[in-house]
S.K.: 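Here's a structure for you.
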Amino acid sequence: MKRTLLLMLSALVIGGALLAFSFTPATLPVDALPKVHVPEAHPPADMRLYAIEAGKMLSQAAFAYRGGHFSEARTFGMGGILVKHPQGALLFDTGFGKDVDEHFKTIPALMRATSRYEKEPTVAAQLHAAGIEPSALKAVILTHAHWDHVSGLADLPGAPVWVDDQERSFIKYGDDASALIRSFGDLPYRVYNFPSGPYLGFDKSYDVFGDGSVVLVPASGHTPGSIIAFIATPDGKRYALVGDLVWQTEGIELPAERPWISRQLVDWDDERVRALIVHMHKLKAAMPDLVIVPAHDRRVWDALPHLSDAR
Ligand SMILES: [Zn+2]
């Protein structure tokens, strides 16, 4: 009896210490800044980038990055980024779809218990309002296949879904983290490679339109086949859609990883995530005008052009 009590007590102490350590502020070490050659881009004059906000989760900064406070509420936005290009429209991720209540039931119990979400008009509804039907999309490009990025896919029947081969395997054979998209069955997948050579410190890339306006690079870490999309628009702006490499901008700014408990819930390979965070931190230092767009930082999304405002 005494032994059981002692065991329970030590488990509590160790668990508590781990949790406390998990939330301790800690920035990742950054070595010398690289000499960055910014590749040329020739985006066509009528290319546009729009944010489509579609759902929210309510959380705290403490869960987003080490050093974030529990007292600081944070909105984790959901949604898609639409890139209208004369060669075709690309949609990056899809936010919460119309069946989000059903989809939410498929996520791990601990995550369900600690999350609260709110709906917003779906990506499909906002595209429709702008006169864009799913059949008009050249591709839905997933930064990765987690449920909150693919929920809206169910509302976009027939739209080609682009993933790299590692994410395709994760969708086919992954654990609970890819269960939702697996449940959608045989979508019109297109698996792409990275034939376009080194790009901003990544050893390979995929220049989608051949004009440098949309360049995908492999960013394996959060999931096996996560990607980062670099986008150059005709107004001279450059964006990096970093998916869930970090949840909030501070992750790149500090730089800081997610706290331990969040990493256990969502990350596939902590070490790779850390290395990529540091790389993006250094890139941002070398290219101060680069707009880092974490998939869930609503503050960043609010500052982007919105499809709902486009006329
Ligand atoms: Zn994710």
Side-chain angles (χ1 to χ4, degrees), residues 53-60 63-66 68 74-81 91-97 100 103-104 106-112 114-117 123 140-154 161-164 166-184 216-229 240-252 256-277 280 292-298 300-301:
E53 298 179 348
K56 299 175 187 182
M57 278 181 120
L58 310 168
S59 189
Q60 283 99 36
F63 289 104
Y65 59 94
R66 289 183 70 176
R74 277 295 165 92
T75 300
F76 283 38
M78 309 290 151
I81 299 282
L91 176 68
F92 289 89
D93 296 340
T94 66
F96 287 168
V100 64
H103 297 165
F104 188 70
T106 68
I107 72 172
L110 180 59
M111 216 186 277
R112 241 176 15 243
T114 52
S115 324
R116 209 153 51 80
Y117 65 93
V123 164
V140 177
I141 301 179
L142 299 177
T143 63
H144 64 294
H146 278 163
W147 82 280
D148 49 331
H149 297 252
V150 307
S151 166
L153 256 188
V161 180
W162 289 16
V163 286
D164 62 18
Q166 292 195 70
E167 203 66 353
R168 184 69 188 100
S169 312
F170 175 60
I171 291 169
K172 274 189 191 156
Y173 310 115
D175 54 14
D176 287 353
S178 57
L180 179 62
I181 191 165
R182 198 157 44 246
S183 77
F184 295 161
L216 315 180
V217 298
S220 175
H222 178 60
T223 64
S226 286
I227 59 148
I228 292 174
L241 312 186
V242 299
D244 283 4
L245 177 62
V246 296
W247 279 335
Q248 302 275 303
T249 308
E250 287 91 340
I252 302 289
E257 62 186 334
R258 271 179 277 274
W260 179 82
I261 189 81
S262 301
R263 296 204 305 276
Q264 303 317 303
L265 283 172
V266 301
D267 285 327
W268 171 67
D269 185 329
D270 294 7
E271 205 50 59
R272 288 176 192 231
V273 170
R274 266 178 223 126
L276 281 164
I277 289 175
M280 291 308 294
I292 304 277
V293 185
H296 299 303
D297 193 327
R298 190 40 75 86
V300 176
W301 284 55

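All ligand and atom numbering here is 1-based and tracks the order in the structure. Residue numbers count from 1 along this sequence.
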S.K.: Has His149 got an N/O/S atom less than 2.8 Å from the Zn ion (ligand 1)?
M.R.: no

S.K.: Strictly under 2.8 Å, is the Zn ion (ligand 1) approached by any N, O or S atom of Asp244?
M.R.: yes

S.K.: For Trp162 and Phe92, I'd like to know if the aromatic rings sit close, meaning centre-to-centre distance below 6.0 Å.
M.R.: no

S.K.: To the nearest 0.5 Å, how far apart are CZ in Arg116 and CE in Met57?
M.R.: 10.5 Å

S.K.: Has Arg182 got a side-chain atom pairing as donor or acceptor with Ile171's backbone, closer than 3.5 angstrom?
M.R.: yes

S.K.: Below 4.5 Å, heavy atoms only, C-beta onward: do Val273 and Glu257 meet side chain to side chain?
M.R.: no

S.K.: For the Zn ion (ligand 1), which N, O or S atom of His146 is at the shortest distance?
M.R.: ND1

